[in-house]
Amino acid sequence: MASEKVALVTAGGSGMGAAAARRLARDGYRVGILSSSGKGEALAKELGGIGVTGSNQSPDDLKRLVDNAMAQWGRIDALVNSAGHGPRGKVLELSDDDWHSAMDVYLLSAIRPARLVVPIMAGQGGGAIVNISTAWAFEPSPMFPTSGVMRAGLASFTKMVADEYASANVRINNILPGWIDSLPETPERRQAVPLGRYGTAEEIAATVAFLLSDGAGYITGQNLRVDGGLMRSI
């Protein structure tokens, strides 16, 4: 891989986003990281990249990340959209504000950076996007009601972008993680997984790296389950 390939990671200060940033840096990418906690900026410095402390719900913060990357490296080859956690509760007890907040957390947090980055990728001859979604995007769980609803919308958005920009060699896919070690572990959850364990953030990062690679060059518009077989019967 050429050392000057550039990847941006949103919500990359911890968990799966941070693991993806570390993996991409090891694979030779220059890495730009956005994080609200400041951890992303510290990680970017460690990896020799650039960091922005800000929110993936802020168009201005996202634009700052993109502008900084373009000023530093002049291109963007990969985008990884991670996200935090939105409101939870009984589905009909969630308020309008809860649903609007969830749309920001889970859906617009991927749409806004894609809006900025896809034209750059198309203009330079191609690029790839991976959205870190959830195993419950198509079979929602009452544990994560707003996540399931909004990430079902993310799946539709991803397919539409894939269709429109395939001719420009811009690919976009979602990965659907199940129980990952960045989440609290319980025996009941672990026992529900056919592989009998939680996945690791590093396994998610490896999947992200594959979908961004030339080896996945014929994959776009897909939703790939990375869940230890949790949703095997669906």
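This is a predicted model, so every value here is computed, not measured. Below, all heavy atoms of this structure are taken into account, side chains as well, without hydrogens, waters or symmetry copies.
Here the shortest heavy-atom pairing between Leu65 and Val52 reads CA-CG2, 3.9 Å. The minimum heavy-atom distance linking Gly89 with Pro145 is given by the pair O-CG, 3.3 Å. Shown here for Ala11 and Ala83, the closest heavy-atom pair between the two residues is CB-N, 3.9 Å. Here the shortest heavy-atom pairing between Pro177 and Trp136 reads O-CZ3, 4.0 Å. A pairwise comparison of heavy atoms in Ala135 and Gly178 identifies CB-CA, 3.8 Å as the closest pair.
Glu139 CD to Thr134 OG1: the interatomic distance, rounded to the nearest 0.5 Å, is 12.0 Å. The line from OG of Ser133 to CZ of Arg225 is 11.0 Å long, rounded to the nearest 0.5 Å. Taken to the nearest 0.5 Å, the CD atom of Glu164 stands 8.0 Å off from the CE atom of Met160. Considering CG of Leu34 and OG of Ser58, their distance stands at 8.5 Å, rounded to 0.5 Å. Between atom CG of residue Leu224 and atom CD1 of residue Ile175 there is a gap of 7.5 Å, rounded to the nearest 0.5 Å. The line from CG of Asp77 to CZ of Arg30 is 12.0 Å long, rounded to the nearest 0.5 Å.
Taking the side chain as every heavy atom from C-beta outward, Leu62 and Asn56 approach each other to under 4.5 Å.
Listed for the Arg171 side chain is a donor-acceptor partner under 3.5 Å among the backbone atoms of Ala216. Here the side chain of Asp61 pairs no donor or acceptor atom with the backbone of Thr53 at under 3.5 angstrom. Between the Gln72 side chain and the Met70 main chain, no donor and acceptor come within less than 3.5 Å of each other. Here the side chain of Asn223 pairs no donor or acceptor atom with the backbone of Leu176 at under 3.5 angstrom. A donor-acceptor pair under 3.5 Å links the side-chain atoms of Asn173 to the main chain of Ile219, judged by distance alone. One N or O on the side chain of Arg189 and one on the backbone of Pro184 form a donor-acceptor pair closer than 3.5 Å.
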Side-chain donor-acceptor pairs of residues 104-131 under 3.5 Å, sequence neighbours excluded:
residue, atom, partner, partner atom, Å
Asp104, OD1, Arg112, NH1, 3.2
Asp104, OD1, Arg112, NH2, 3.1
Tyr106, OH, Gly86, N, 2.6
Ser109, OG, Val105, O, 2.6
Arg112, NH1, Gln57, O, 3.2
Gln124, OE1, Ile76, N, 3.4
Gln124, NE2, Ile76, O, 2.5
Gln124, NE2, Gly126, O, 3.3
Asn131, OD1, Asn81, ND2, 2.9
Asn131, ND2, Thr158, OG1, 3.3
Asn131, ND2, Asn174, OD1, 2.9

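There is a path of hydrophobic side-chain contacts, each under 4.5 Å, that joins Val9 to Ile180. Hydrophobic clustering of Ile, Leu, Val, Met, Phe, Trp and Tyr side chains at less than 4.5 Å, counting indirect connections, keeps Ile132 apart from Leu79. Cluster annotation: Val149 is connected to Leu94 through the hydrophobic network of ILVMFWY side chains, with a link wherever side-chain heavy atoms come within less than 4.5 Å. Following chains of ILVMFWY side-chain contacts shorter than 4.5 Å, one can reach Val80 starting from Ile204, so the two form part of one hydrophobic cluster. There is a path of hydrophobic side-chain contacts, each under 4.5 Å, that joins Tyr29 to Met16.
Scanning for salt bridge (charged side-chain N to carboxylate O under 4.0 Å, His left out) contacts around Glu41 gives an empty result, with sequence neighbours left out. Every residue meeting the salt bridge (charged side-chain N to carboxylate O under 4.0 Å, His left out) condition with Asp67, not counting sequence neighbours, appears here in chain and number order: Lys63. Trp73 is linked by a ring pair (Phe, Tyr, Trp, His ring centres under 6.0 Å) to nothing, counting only residues two or more places apart in sequence or in another chain. Qualifying salt bridge (charged side-chain N to carboxylate O under 4.0 Å, His left out) partners for Arg26, counting only residues two or more places apart in sequence or in other chains: none.
Of the N and O atoms on the side chains of Ser95 and Asp98, at least one donor lies less than 3.5 Å from an acceptor on the other residue.
Applying the side chain to side chain donor-acceptor pair (under 3.5 Å) rule to pairs touching residues 142-152 yields Ser147-Arg151, sequence neighbours excluded.
Tyr198 and Trp179 have parallel rings, their planes meeting at less than 30° on a 0 to 90° scale where 60° marks the start of perpendicular.
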- [ ] Test Arg22 against Glu46 for side-chain contact (heavy atoms from CB on, under 4.5 Å), laying out the working first.
- [x] CA-CA 10 Å; Arg22 290 184 183 277; Glu46 174 190 329; 2.6 Å; yes

